[in-house]
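Owing to the predicted nature of the structure, the values given are computational and were not obtained by experimental measurement.
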Amino acid sequence: MKSLFGPAACLGLLLSGPASAGAPADAVRYFYSNIGSETEPDNRDRFTGLARAALDANQQAANSGGASCIDFILALDSQDLDQNEIDSSLALNETMNGPAAEVTANFTLFRQPHEVEWSLQEVDGVWKVSDIASRTGNWRLSGLKCG
């Protein structure tokens with residue numbers, strides 16, 4: 001019994017500790033499970049900084065009678081999708097550096113390889129997307145200009 005106390009106590013401390021932000025890859029995986037939801041106003045709280053500013057500007061352009069400047073699915077760098085192909089090929093690789101993280105999404109879409117890089121910041125214990133960049137399409141969300 002004495003030998004079980006040490007590991008059990010450590011496990012108890014880990015489980016009772018402060019809530020963590022979870023894995024950055026989980027924050028990104030949400031968008032591959034909900035394809036096309038990046039620009040939805042209901043998901044705006046999943047973004048911060050320049051990414052949120054770009055999405056807000058896109059929404060303002062659309063609301064003012066103009067066309068939105070983001071007319072493709074950010075997570076895919078495409079306007080079309082094949083959910084089965086994405087689900088079967090998606091690989092998320094994360095690297096963390098304190099309150100910042102990078103998650104690279106690699107997948108195939110219509111048999112073409114795609115690579116999308118997600119930058120995240122931990123804000124109030126939650127991982128939020130601070131930028132999205134396509135290595136395949138050579139664009140960055142923070143660089144898209146609306147208006």
Residue pair I73 / G36: nearest heavy atoms and the distance that separates them: CG2-N, 3.7 Å

Donor-acceptor pair, side chain of D77 and main chain of S134, under 3.5 angstrom: no

Any side-chain heavy atom of W118 within less than 4.5 Å of one from P24? no

Would you compute the distance between atom CD1 of I70 and atom OG1 of T39 and round it to the nearest 0.5 angstrom? 7.0 Å

Looking at every non-hydrogen atom in both residues, tell me the closest pair between N43 and S37 and how far apart they are. ND2-O, 3.0 Å

Could you tell me whether the side chain of T136 reaches within less than 4.5 Å of the side chain of V116, counting heavy atoms only? no

Tell me whether V123 shares a hydrophobic cluster with L141, the cluster being built from Ile, Leu, Val, Met, Phe, Trp, Tyr side chains joined at under 4.5 Å. no

Close side-chain approach of F72 and W139, heavy atoms under 4.5 Å: yes

Give a yes or no on whether the backbone of L50 and the side-chain of S142 come within a donor-acceptor separation of less than 3.5 Å. no

So, for I86 and F107, which heavy atoms are closest and what is the spacing to 0.1 Å? CG1-CD1, 4.4 Å

Inter-residue atom distance S89.OG - H114.NE2, 0.5 Å rounding: 9.0 Å

What residue pairs, at least two apart or across chains, pass salt bridge (Lys or Arg N to Asp or Glu O under 4.0 Å) with a residue in residues 27-55? D26-R29, R44-D56, R52-D56

Taking atom types as modelled, find out whether E102 and T95 have a side-chain donor-acceptor pair closer than 3.5 angstrom. no

Side chains of L74 and L55: does their closest heavy-atom pair fall under 4.5 Å? yes

Nearest heavy-atom approach of V103 to A25 is CG2-N, 3.8 Å

Closest heavy-atom contact between A105 and L90? CB-CD1, 4.1 Å

Just wondering, more than 12 heavy atoms not from N63 lying within 6.0 Å of its CG? yes

Hey, are the side chains of T48 and S130 touching, using non-hydrogen atoms and a 4.5 Å cut-off? yes

Within 6.0 angstrom of N138 CG, more than 12 heavy atoms from elsewhere: no

Side-chain heavy atoms of D87 within contact of Y32, under 4.5 Å: no

Here the gap from I35 atom CD1 to L76 atom CG, rounded to the nearest 0.5 Å, amounts to 4.5 Å

Could you check whether any side-chain N or O of E115 sits under 3.5 Å from a backbone N or O of R135, counting only pairs where one atom can act as donor and the other as acceptor? no

Verify whether the ring centers belonging to F31 and F47 lie closer than 6.0 Å. yes

Heavy-atom distance under 4.5 Å between the side chains of V28 and W127, does that happen here? no

With rounding to the nearest 0.5 Å, note down the distance linking CG in D82 to OG1 in T108. 8.5 Å

